[in-house]
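Worksheet for the structure shown next.
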Amino acid sequence: MKHLAIAAGILTATSAVAADKPQLTVYTYDSFVSDWGPGPKVEEAFEAVCDCDLNLVGVEDGAALLSRIRLEGENTDADVVLGLDTNLIAAAKETDLFALHSVTADYALPIQWTDDTFVPFDWGYFAFVHNADASAPANFRELADSEAKIIIQDPRSSTPGLGLLLWVKAVYGDEAPAIWADLTDNIVTVTKGWSEAYGLFLDGEADMVLSYTTSPAYHLIAEEDASKAAAAFDEGHYMQIEVAAKLAGSDHSELADQFLNFMVSDAFQQIIPTTNWMYPAVTPSSGLPEGFDTLVVPQKSLIIDPNEAATKRDEALSEWLGALSQ
């Protein structure tokens, strides 16, 4: 009984110490918090320096993430939101829920970063991934004219899905509705998020899936499998820069600031390439992993200014829905 009493006392003391630690809640997307995603390693690395409990909450995909923050408003439990991108920045700022940051870093982005609210943590190019032994179209027109079956993501819930809409819009402008009309026969299904779409592709449900030029690196590095490739489009590839920001109503403002600064450090950035399979926003001192040098490098980088993206998004979404409803 004495031993049990001592053990119970130790358990109580341990629980009390854990309860004394502040909890930082970070909303992010599902794949980030998955066992194979960056979440577990990020949690371990940050908790080693913050004397806190990092609570990572997965919320489907990036666009759904913003929808949840809008719904919860000032009553949200989130201290930080991680996983929006440049296409959603203007809409996120309109909520007045986010605070300014003071993070500085030597970013390895293709564009200069000056935003005072959102901090980038990784970036990449959208692309259609296919089996390397199969021929691939060189642009959207060739894709539409081909018999290739593709899986894409819903732009209303998924940042890749929204990125695809703006990619087509950036290349074709007023001709975008015609491109979508021609692409409808190629689309097998539209999923809510990236994970479901990529899983269906790996199961053989389609010839190609909307993903990233960096996706083949996963198969090459993690699986020693060179059977996947990204189709290089001569029209250029649309860029995604993923970002995080602090909620203005955070109960742990200083801890949230610490997390954002940690996010651009080596400890965080070296995790990104081989877990989120994207380019890190700040190149780690160790450089990029072997295998990233084999990836497709777009001839032309495409991106719409965040302030214009909100307007373009509504127009592109209407065009896409119109084409799919025919």
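Every heavy atom of this structure was used, including side-chain atoms; hydrogens, water molecules and symmetry mates were not. Just so you know, these numbers come straight off a predicted model, no measurement behind them.
If you take CZ on R141 and CD on E175, they are separated by 5.0 Å, rounding to the nearest 0.5 Å. The distance from atom OG1 of T184 to atom CD1 of I179, rounded to the nearest 0.5 Å, is 11.5 Å. With rounding to the nearest 0.5 Å, the separation of OG1 in T191 from CD1 in I151 is 7.5 Å. The CD atom of E43 lies 11.0 Å from the CG atom of L24; values are rounded to the nearest 0.5 Å. To the nearest 0.5 Å, atoms OH (Y107) and OG1 (T114) are separated by 10.5 Å. Within the model, atoms CG of L66 and OG of S157 stand 12.5 Å from one another, a figure rounded to the nearest 0.5 Å.
Taking the side chain as every heavy atom from C-beta outward, L82 and Y27 never approach each other to under 4.5 Å.
Between K300 and E235, no side-chain nitrogen of the basic residue sits less than 4.0 Å from a carboxylate oxygen of the acidic one, so the salt-bridge criterion is not met. A salt bridge is absent between K192 and E196: the closest approach of a Lys/Arg side-chain nitrogen to an acidic carboxylate oxygen does not fall below 4.0 angstrom. Remark: K21 does not engage E47 in a salt bridge, criterion side-chain N to carboxylate O under 4.0 Å. We find that D79 and K246 are not joined by a salt bridge, their nearest charged nitrogen and carboxylate oxygen being 4.0 Å or further apart.
Here Y125 and W123 bring their ring centres to under 6.0 angstrom of each other.
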Using distance only, find each side-chain donor-acceptor pair of residues 206-221 under 3.5 Å and give its atom names and separation, not counting sequence neighbours.
unit_1: D207; atom_1: OD2; unit_2: K149; atom_2: N; d: 2.8
unit_1: S211; atom_1: OG; unit_2: W194; atom_2: NE1; d: 2.9
unit_1: S211; atom_1: OG; unit_2: S215; atom_2: OG; d: 2.6
unit_1: Y212; atom_1: OH; unit_2: Q240; atom_2: OE1; d: 2.6
unit_1: T214; atom_1: OG1; unit_2: W277; atom_2: O; d: 2.6
unit_1: S215; atom_1: OG; unit_2: Y212; atom_2: N; d: 3.3
unit_1: S215; atom_1: OG; unit_2: Y212; atom_2: O; d: 3.3
unit_1: Y218; atom_1: OH; unit_2: E223; atom_2: OE2; d: 3.2
unit_1: H219; atom_1: ND1; unit_2: E223; atom_2: OE1; d: 3.0
unit_1: H219; atom_1: NE2; unit_2: Y198; atom_2: OH; d: 2.7

Under 3.5 Å, which donor-acceptor pairs do the side chains of residues 95-105 form with other protein atoms, sequence neighbours left out?
unit_1: T95; atom_1: OG1; unit_2: A92; atom_2: O; d: 2.6
unit_1: T95; atom_1: OG1; unit_2: L97; atom_2: N; d: 3.3
unit_1: H101; atom_1: ND1; unit_2: V103; atom_2: N; d: 2.9
unit_1: H101; atom_1: NE2; unit_2: D115; atom_2: O; d: 2.9

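Within the structure, disulfide (SG to SG under 2.5 Å) pairs that include any residue of residues 43-137 comprise C50-C52 (at least two apart or interchain). Residue pairs satisfying the ring-ring contact (aromatic ring centres under 6.0 Å, His included) criterion with at least one member in residues 135-168, sequence neighbours excluded, are listed as follows: F140-W167, F140-F233, W167-F233, W167-H237. Residue pairs meeting the disulfide (SG to SG under 2.5 Å) criterion with at least one member in residues 272-323, sequence neighbours excluded, do not occur.
When the shell of 6.0 Å around CG of D106 is examined, it contains 12 or fewer heavy atoms from other residues, nucleotides or ligands. Heavy-atom neighbours of D174 CG from other residues, nucleotides or ligands within 6.0 Å: at or below the threshold of 12. With a 6.0 Å radius and a threshold of 12 heavy atoms from other residues, nucleotides or ligands, Q299 has its CD atom at or below the threshold.
Residues L164 and V190 fall within the same hydrophobic cluster, defined by Ile, Leu, Val, Met, Phe, Trp and Tyr side chains chained together at heavy-atom separations under 4.5 Å. A single hydrophobic cluster is not seen to contain both V296 and L288; linkage of ILVMFWY side chains at heavy-atom distances under 4.5 Å, directly or through other members, places them apart.
Side chain to side chain, S285 and D266 meet the donor-acceptor criterion of an N or O pair below 3.5 Å. Side-chain contact check for Y29 and E242: at least one donor-acceptor pair (N or O, by modelled atom type) lies under 3.5 Å.
Of all heavy-atom pairs between A267 and F262, the closest is CB-CE1, 3.6 Å. Closest approach of Q153 and G193 over heavy atoms only: CG-O, 3.4 Å. In plain terms, the two heavy atoms of P120 and W113 that are nearest each other are CD-NE1, 3.3 Å.
With sequence neighbours excluded, no residue forms a salt bridge (charged side-chain N to carboxylate O under 4.0 Å, His left out) with D30.
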